[in-house]
Amino acid sequence: AEQRAQIIQRNLDNALVASTDKSPAAVGLTYVKGAPVITLGGYYIATVDANSARVARTTPALLAEKWANNLRRALADESSTRAYVAHLSGESGEVASGSAAAAAAQEQPGRTYNKARLVYVPAGMVLPLTLTSSITTEVARAGDRVEAKVSEDVSLGDTYIPKGTLVTGHITEAKAGDKMAKSGVLGIKFNKIKTPDGTESPITARLIGEVSKGVARESDLLKGESTETKLKQAAIRGAIGAGGGALVGTAIGAIAGRSGGAVGRGALAGLAIGAGLGVAESFLLRKGKDVVLSSGQALKLQLDSPVTLATGNYVTGSL
């Protein structure tokens with residue numbers, strides 16, 4: 001709770017410095033994915049979550065209204081607001097004696113504040129990425145760093161996440177393809193996003209959608225060509241390549257049948273035995289396909305939880 005209060009205070013301080021409108025009317029309340037979000041001058045302040053509302057024995061909507069009204073009442077004191085903002089921005093060393101701004105200045109002397117725009121990115125947002133280096137399960141190891149970049153501007157209404165934003169993470173699991181057609185397995189977890197101005201924020205996200213030909217996605221893991229596909233290919237090769245076994249099976253069936261109808265049935269059974277041996281041999285000896293992702297590989301990353309980004313001048317307008 002203390003950490004969250006500090007984050008909200010920092011968001012509020014940033015908004016007070018950046019917003020041109022610092023009046024009570026600048027306090028906004030909107031809903032993102034059903035959750036109430038408080039803003040000031042279009043800048044993100046806080047999301048009122050269900051847990052906070054439960055502790056306060058109310059609903060998120062009512063608690064959001066309470067927080068917003070408290071902020072409006074505080075901003076109604078114009079002189080204290082101006083003095084506090086002057087302290088935050090470093091534009092004046094004079095702070096009104098006895099004001100709330102004076103108390104804040106004494107508690108946090110010399111603190112610097114980020115004037116960058118704060119942008120709220122909701123959960124469920126999909127970021128198109130391209131890998132900056134190649135990855136293969138032949139050499140990859142759990143813990144290896146992974147980097148990708150946002151491949152195009154991601155619109156957030158009248159703001160956006162710019163192309164070239166860096167997204168980093170690590171490999172969680174890496175297994176090379178093995179005999180018996182065991183496919184290579186690769187797990188990737190992206191956990192940080194860094195905007196071009198250098199601001200870094202933690203994220204919770206997962207890969208979605210198709211990846212590339214020969215690579216299947218199963219939940220959070222990427223796998224090489226599936227065993228089912230391997231078996232189908234082995235069956236085709238077994239039926240064609242195991243001709244000797246199939247012919248032997250046909251001959252045995254013909255001898256054992258001793259009649260026209262029986263020859264047909266025996267021949268079919270012998271063919272199945274011969275082809276089956278070819279499939280088994282192929283399956284046992286063949287190595288499963290590794291997961292190979294080339295540099296420039298396109299990926300889709302979906303945010304599982306919202307994230308607040310401090311952006312530069314490339315973002316304009318209101319949330």
How long is the straight-line distance from [atom2] of [Y] back to [atom1] of [X], given to the nearest 0.5 Å?
X      : Y      : atom1 : atom2 : result
Leu222 : Thr137 : CG    : OG1   : 10.0 Å
Gln297 : Leu299 : CD    : CG    : 5.5 Å
Leu186 : Lys223 : CG    : NZ    : 12.0 Å
Leu71  : Leu12  : CG    : CG    : 5.5 Å
Glu200 : Ile193 : CD    : CD1   : 10.0 Å
Arg141 : Glu173 : CZ    : CD    : 13.0 Å

Taking all heavy atoms of [X] and all of [Y], pick out the closest pair and write down the distance.
X      : Y      : result
Ala64  : Pro36  : CB-CB, 3.6 Å
Leu166 : Ala148 : CD1-O, 3.4 Å
Ala50  : Pro60  : CA-CG, 4.0 Å
Gly41  : Ser19  : CA-OG, 3.4 Å
Gly143 : His170 : O-CB, 4.1 Å
Lys300 : Val126 : CB-CG1, 4.2 Å

Check whether more than 12 heavy atoms from other residues, nucleotides or ligands sit under 6.0 Å from atom NZ of Lys189, and answer yes or no.
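Result for NZ/Lys189: enclosed.
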In terms of heavy-atom contacts, does CD of Glu78 have more than 12 from other residues, nucleotides or ligands at under 6.0 Å?
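No, CD of Glu78 has 12 or fewer neighbouring heavy atoms, counting only those of other groups under 6.0 Å.
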So, do [X] and [Y] sit near enough that their side-chain heavy atoms are less than 4.5 Å apart?
X      : Y      : answer
Ile161 : Leu127 : yes
Asp77  : Ser79  : yes
Val27  : Thr39  : no
Val85  : Arg82  : no
Leu75  : Leu40  : yes
Met125 : Val154 : yes
Thr168 : Val146 : no
Ile203 : Val121 : no

[X]-[Y] co-clustered via ILVMFWY side chain contacts under 4.5 Å:
X      : Y      : value
Leu221 : Ile188 : no
Val167 : Ile135 : yes
Val292 : Val211 : no
Leu131 : Val215 : yes
Ile171 : Val291 : yes

Would Glu65 and Leu29 count as a side-chain contact (heavy atoms from CB on, under 4.5 Å) here? Give the steps.
CA-CA 8 Å; Glu65 286 286 355; Leu29 182 56; 3.5 Å; yes
[X] and [Y]: side-chain donor and acceptor closer than 3.5 Å?
X      : Y      : result
Asp153 : Ser155 : no
Asp21  : Ser23  : yes
Ser52  : Arg4   : yes
Tyr84  : Asp13  : yes
Asp290 : Thr136 : no

Excluding sequence neighbours, so at least two apart, what forms side-chain hydrogen bond (donor to acceptor under 3.5 Å, both in side chains) with Glu147?
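side-chain hydrogen bond (donor to acceptor under 3.5 Å, both in side chains) check on Glu147 returns Arg145.
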Could you check whether any side-chain N or O of [X] sits under 3.5 Å from a backbone N or O of [Y], counting only pairs where one atom can act as donor and the other as acceptor?
X      : Y      : value
Ser134 : Ser295 : yes
Tyr160 : Lys163 : no
Lys22  : Leu16  : yes
Arg206 : Leu303 : no

Apply side-chain contact (heavy atoms from CB on, under 4.5 Å) to the pair Val150 and Leu129, showing each step before the final yes or no.
CA-CA 5 Å; Val150 176; Leu129 306 179; 4.0 Å; yes
